[in-house]
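What you see below is based on every heavy atom in this structure, not just the backbone, and it leaves out hydrogens, waters and symmetry mates. Below, read A as the first sequence line, B as the second, and so on, with proteins coming before strands; counting in each chain starts at 1.
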Number of protein chains: 2
Amino acid sequence: MTEHIAPANTWAASLRSAGRRVTKQRLAVLAAVEQFPHSTADDVVTAVRAELADITVQSIYVVLSDLTVSGLLRRIETPNSPARYETRVNDNHHHAVCTGCGRIEDVDCAVGHAPCLTPAWSPGSRQMTIQIADVVYQGVCTDCRESSAENSPVLPELTEKH
Amino acid sequence: MTEHIAPANTWAASLRSAGRRVTKQRLAVLAAVEQFPHSTADDVVTAVRAELADITVQSIYVVLSDLTVSGLLRRIETPNSPARYETRVNDNHHHAVCTGCGRIEDVDCAVGHAPCLTPAWSPGSRQMTIQIADVVYQGVCTDCRESSAENSPVLPELTEKH
DNA sequence: CATCTATTGTGAGTAATTCATAATAAGCCG
DNA sequence: CGGCTTATTATGAATTACTCACAATAGATG
């Protein structure tokens, strides 16, 4: 059988150049996260099991963690939610989460390419050499705003801050 | 015995104006978080037990959660760490955490009073009405930078990103 | 001071994640 | 190609951080 160049070869190459072995578990996890960005570990388990029915939750955690330190995945932490993963790495983008429905959108910060990397230190604090700025916006998406106009407001205490 | 105006009365007044009862547990928690900003729930348990030896972990969680929704405490989530609490609220400041020693410093974002509230939406994403922008900087403080120059670097994989 | 109800204590339970160790399979070498 | 070495995955248990239901207690109001 002659091999055909499948899109999955991109991930295989990435794994190899990161010095890791190419396994079907890793390829399946990468494909799942690519297809469903901002997936939780549980989401990934569900998606991967369509292909590898017997994979365990623990293995998914190991693979996700390993791919994250290898730089193939980015792990993000949003409030009141387990960790999420995405394949969009190395571009310093941020995230907005809707307090109503939990929807997560990607955001490129308005302040240039490496946003907010020049913090204003509070008096008395000791400066650091900043490498990463993770920004999590919280707001209400248009869908939730419309529905909350009629029904009871979602998380009302948030609307009066800032 | 005549009552003297103690600093704790400030917290009592804050509790009352928030419509909550003034209890010794809440006062002790507020004092602990004020003394040790960025405390975890476990830190607070330790600090409060110096005064209230028999308070339970669960009560600390209840009090912290209640004070947070009351607006007297702010809860922050930093990577690879349980939630932390601080008494500095309503001033939209952010945090920098040292990837070496875990030190946390307060940061006033450089971009005006309400920083980064105008995100640049990625193509295809749906906009939201932004209410909060939580920024977590990660970097290396001067202490850790010096010591890592001689010893083995801490978290080396982080130093080559961005 | 008595009553009402917010608050705290008690005990159990859960979600998310990690750890130790055994089994397996990638990639290398001849 | 077939064995060897070691990275990777599976297995099972444990841990951390936190939540919940309900009973006991104690602020605040009149």
Side-chain angles (χ1 to χ4, degrees), chain A residues 1 3 8-9 11-30 32 38-46 48-49 51-70 72-73 75-85 102, chain B residues 3 8-9 11-30 32-33 38-46 48-49 51-70 72-73 75-85 102:
Chain A
M1 293 158 241
E3 307 226 297
N9 281 359
W11 289 126
S14 302
L15 282 167
R16 266 187 274 266
S17 65
R20 337 301 319 238
R21 293 182 181 172
V22 179
T23 68
K24 55 183 185 298
Q25 291 89 339
R26 284 175 176 165
L27 292 175
V29 165
L30 286 165
H38 313 136
S39 286
T40 64
D42 203 57
D43 295 336
V44 175
V45 170
T46 304
V48 167
R49 278 188 176 157
E51 197 173 340
L52 304 172
D54 293 335
I55 199 169
T56 63
V57 174
Q58 292 88 329
S59 292
I60 294 288
Y61 274 104
V62 171
V63 170
L64 285 172
S65 160
D66 184 71
L67 294 177
T68 301
V69 303
S70 303
L72 299 197
L73 290 183
R75 175 191 165 113
I76 61 177
E77 295 183 31
T78 53
N80 307 319
S81 155
R84 295 171 180 277
Y85 296 86
Chain B
E3 306 225 299
N9 281 1
W11 288 127
S14 301
L15 282 166
R16 266 187 272 266
S17 66
R20 333 311 310 248
R21 292 184 182 171
V22 179
T23 69
K24 55 183 186 297
Q25 291 90 339
R26 284 175 177 166
L27 292 175
V29 165
L30 285 164
V33 176
H38 314 135
S39 286
T40 64
D42 203 57
D43 295 336
V44 175
V45 170
T46 304
V48 167
R49 279 189 175 155
E51 199 173 338
L52 305 172
D54 294 334
I55 199 169
T56 62
V57 175
Q58 292 88 329
S59 293
I60 295 289
Y61 274 105
V62 171
V63 170
L64 285 172
S65 160
D66 184 70
L67 293 177
T68 301
V69 303
S70 302
L72 300 197
L73 290 183
R75 175 193 165 113
I76 61 176
E77 294 183 33
T78 53
N80 308 318
S81 155
R84 294 169 181 280
Y85 297 86

Test item: R26(A) side-chain N/O and R21(A) main-chain N/O as donor-acceptor pair under 3.5 Å: yes

First contact, last contact: which nucleotides of DNA chain C are these for chain B, 5' to 3', heavy-atom distance under 4.0 Å? dT5(C) to dA12(C)

Which donor-acceptor pairs under 3.5 Å do the side chains of residues 38-45 of chain B make with protein atoms, sequence neighbours left out?
from, atom 1, to, atom 2, distance (Å)
H38(B), NE2, E86(B), OE1, 3.2
H38(B), NE2, D106(B), OD1, 2.9
S39(B), OG, F36(B), O, 2.5
T40(B), OG1, D42(B), N, 3.4
T40(B), OG1, D43(B), N, 3.1
T40(B), OG1, D43(B), OD1, 3.4
T40(B), OG1, D43(B), OD2, 3.1
D43(B), OD2, T40(B), N, 3.0

Could you check whether [X] gets within reach of a base, just the sugar-phosphate, or nothing at all, counting any heavy atom under 4.0 Å?
| X | answer |
| --- | --- |
| V57(B) | nothing |
| S59(A) | base |
| R84(B) | nothing |

Could you pick out which residue, D42(A) or V62(A), lies toward the 5' side of DNA chain C when each is mapped onto its nearest nucleotide?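 Nearest-nucleotide comparison on DNA chain C picks D42(A).
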
If every non-hydrogen atom of [X] is compared with every non-hydrogen atom of [Y], which pair is closest and at what distance?
| X | Y | value |
| --- | --- | --- |
| Q25(B) | I55(B) | CG-CD1, 3.7 Å |
| A18(A) | S70(A) | CB-O, 4.3 Å |
| S14(B) | L72(B) | CB-CD2, 4.0 Å |
| V48(A) | A28(A) | CG2-O, 3.7 Å |
| P79(B) | E77(A) | CA-OE2, 3.8 Å |

Heavy-atom nearest nucleotide on DNA chain D for R21(B) versus A83(B): which residue maps closer to 5'? A83(B)

Residue whose closest nucleotide on DNA chain D lies nearer the 5' end, Q58(B) versus K24(B): Q58(B)

Option passing side-chain contact (heavy atoms from CB on, under 4.5 Å) with V63(A) (candidates V29(A), L27(A), L30(A)):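 Looking at V29(A), L27(A), L30(A), the match for V63(A) under the side-chain contact (heavy atoms from CB on, under 4.5 Å) is V29(A).
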
Give me the first and last nucleotide of DNA chain D, going 5' to 3', that has any atom under 4.0 Å from a heavy atom of chain A.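 With heavy atoms of chain A under 4.0 Å away, the range is dT6(D) to dA13(D).
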
